[in-house]
Undergrad: 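Take a look at the following structure, please.
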Amino acid sequence: DNLQALPIASVPIRSDTGRHQTAVLSIPCCCEHGWRALRIAGRLIFMTGVLSTLTALLAAAQIPVFAVSTYNTDYILTHATDFDRTICAL
């Protein structure tokens with residue numbers, strides 16, 4: 001699909017060569033419905049491998065995911081049609 005994007009910010013950056021450039025941050029102008037989210041319970045600060053362990057289980061069950069990591073916890077999003085299989089795989 002050819003997505004249109006709305007620019008939200010311009011950020012000046014300096015490359016390794018010392019050249020100044022501008023990175024433009026944008027938001028895609030479309031929305032896909034039908035996702036379900038799982039929040040990893042508890043605080044994961046300084047814990048490594050949690051998300052990779054869970055996504056490996058889902059990969060073995062051939063369930064596509066979209067993962068989001070934050071400072072406090074992680075989220076795994078799956079299509080609603082795959083949600084029951086996701087629960088069983090985990």
Undergrad: Carefully, step by step, assess Val68 and Asp74 under the rule side-chain contact (heavy atoms from CB on, under 4.5 Å).
TA: CA-CA 6 Å; Val68 178; Asp74 295 325; over 6 Å; no
Undergrad: Could you tell me the separation between the CZ atom of Arg36 and the OG1 atom of Thr86, rounded to the nearest 0.5 Å?
TA: 9.5 Å
Undergrad: Under 4.5 Å between any side-chain heavy atoms of Pro64 and Thr78, yes or no?
TA: no
Undergrad: Pick from Ile76, Leu58, Leu57: which one makes a side chain to side chain contact (heavy atoms under 4.5 Å, CB included) with Ile63?
TA: Leu58
Undergrad: Treat each ILVMFWY residue as a node, draw an edge where side-chain heavy atoms are under 4.5 Å apart, and state whether Leu38 and Leu54 are in one component.
TA: yes
Undergrad: Any chain of hydrophobic side-chain contacts (each under 4.5 Å) joining Phe66 to Ile40?
TA: no
Undergrad: Count the heavy atoms of every other residue, nucleotide or ligand shown that sit under 6.0 Å from CZ of Arg85, and state whether that count exceeds 12.
TA: yes
Undergrad: Rounded to the nearest 0.5 Å, how far does OH of Tyr75 lie from CG of Leu51?
TA: 12.5 Å
